[in-house]
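Below is one structure, written out as structure tokens; comments come after it.
In this chain, numbering begins with 1 at the start of the sequence shown. Keep in mind the model is a prediction, meaning the values are calculated, not measured. We count ligands from 1, going down the list as the structure has it; atoms in each ligand are counted the same way.
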Amino acid sequence: MKSTKRWISLLLSVLLLGSVMVMASAESTVPAQPEHIWEQTVEKATTKADGLVTSVCSLCGETKTQVVAQVESIELSQADAVYDGKKHVPQVIVTDTAGKTLKKGTDFKVKYSGGCKKLGVYTITVTLIGNYSGGKKLTFKIVPAAPTKLKANSANQKVTLTWQKVAGATGYVIYSASKKNGTYRKLAETAKTTWTSKKYKPGKTMYFKVKAVCEAENQSVESALSKAAGVKVALPNTVYVTRTGTKFHLATCESLRDSKIAISLQDAKQRGYSACSRCIG
Ligand SMILES: [Zn+2]
Ligand SMILES: [Zn+2]
């Protein structure tokens, strides 16, 4: 028994010695000292200036610098989204003056306010991190859809518009122009899905567009304009004739100085009167 123990301890000693020798030989292939030990100091880039990464070797003093290009822009992939009951999360795009796109998580982080689901205005906070500092607050809107099926009809010199109800809208704004591709000016607001104008000059073609608005938590959002709807303004239901003339007129026509007889448009046409070129055109 004693001799067996001795043999085992001898064997263990040989194994131990062997492994120490292997470790020693492995160690001898590694250089005694690394060439350089770099220590970095970072002057962070901002939206106003370049940054600089300076590396100094603590062994030999060698110094290397690398410019971190200034942040050029912090933008959203889209400024707004049309409300559809779903969540909308725009991407944040950060670029530097060298044309590089910065990486989310490494160079910047993003915080979205609210759920970005309901109609309204949301703040997206971008914070620059890593080799960058500063940031920006961006605004993202969820807006109502533009009204569809806008129809314009005219009777008695007035125009009546109708359109389809827009989900989430609390009101509508009506715009008009005298040319289809002209400048549309704001005319009126309504909470309904129909609107009737004041009287226009008959025979004139008027164009209309409507947008939907939503008063959402003290910040209102609005849709894009609808497609245009045009209509020729209809003659008045009541026109005026004179004792001797063959024309029918609007109430304001100068030709009615001597006699002014009210008559329905239908009667005037049946009796052979035709439109006055001065007032009706
Ligand atoms: Zn060095
Ligand atoms: Zn006239």
(message) Restricting to N, O or S, what is the name of the atom of His36 that lies nearest the Zn ion (ligand 1)?
(response) ND1
(request) Kindly compute the distance separating OG (Ser226) from NZ (Lys149), expressed to the nearest 0.5 Å. (result) 13.5 Å
(message) With no hydrogens and no angle check, just 3.5 Å: does a side-chain donor-acceptor pair link Thr160 and Thr196?
(response) yes
(message) If I consider every N, O or S atom in His249, which one ends up closest to the Zn ion (ligand 2)? I only need its name.
(response) ND1
(request) If you have a sec, read the angle at the Zn ion (ligand 2) from Cys279 atom SG over to Cys253 atom SG, to 10 degrees. (result) 110°
(message) Given the Zn ion (ligand 1) as the apex, I'd like the angle to SG of Cys57 and SG of Cys60, rounded to 10 degrees.
(response) 120°
(request) Measure across Thr242 and Tyr273 and return the closest heavy-atom pair with its distance rounded to 0.1 Å. (result) O-OH, 4.2 Å
(request) Output the distance between atom CD (Gln78) and atom NE2 (His88), rounded to the nearest 0.5 Å. (result) 8.0 Å
